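Since we're looking at a predicted model, the values are computed, not measured.
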Amino acid sequence: QRARLEASMQRAKRAVSVAGAAACMVGSSREREILAQLTAGHTNAQVGKALFISEKTVRNHVTRLFEKLGVHSRAQAIVLARDRGFLGAG
């Protein structure tokens, strides 16, 4: 019984760890909003309109996100985000 309890605790810890990694992979709430828009397949212009910011500001956020995530494209960012459990707006 103790072994089952320990195994259950380990599974719970892993689940929390994955969820935490997804939440922590980007710093600010604005970065999470941008990433959610990207995972939904939106263009920079669409993201700007949805978040009431300029397209240039969106580009700046996307560039910073790519640096933080260690990726070079939107597709890589989306795959990484989804693999780490970040389920954005889409």
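A donor-acceptor pair under 3.5 Å is formed between the side chain of T63 and the backbone N or O of R59.
Contact record, Q46 with G41: OE1-O, 4.2 Å, taken as the closest heavy-atom pair. Between L35 and A77, the shortest heavy-atom distance links the atoms CD1-O, 4.4 Å. Heavy atoms only, all atoms of each residue included: V71 and L80 are closest at CG1-CD2, 4.1 Å. Closest approach of F66 to S73, counting heavy atoms only: CZ-C, 3.4 Å. Shown here for H42 and R74, the closest heavy-atom pair between the two residues is O-NH2, 2.9 Å. Nearest approach of A81 to T39, heavy atoms of both residues: CB-CG2, 4.1 Å.
Between atom CG of residue L65 and atom CG of residue N60 there is a gap of 11.0 Å, rounded to the nearest 0.5 Å. Atom CD of Q76 is separated from atom CG of D83 by 11.5 Å, given to the nearest 0.5 angstrom. Atom CD1 of residue I78 and atom CG of residue L69 lie 11.0 Å apart, to the nearest 0.5 angstrom.
A salt bridge is absent between K49 and E55; no separation between the charged side-chain nitrogens and carboxylate oxygens falls under 4.0 Å. Ion pairing between E67 and R64 fails under the 4.0 Å rule for side-chain N and carboxylate O.
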Would you sort out whether H61 and I53 count as a side-chain contact (heavy atoms from CB on, under 4.5 Å), showing the intermediate values?
CA-CA 11 Å; H61 283 298; I53 57 177; 4.2 Å; yes
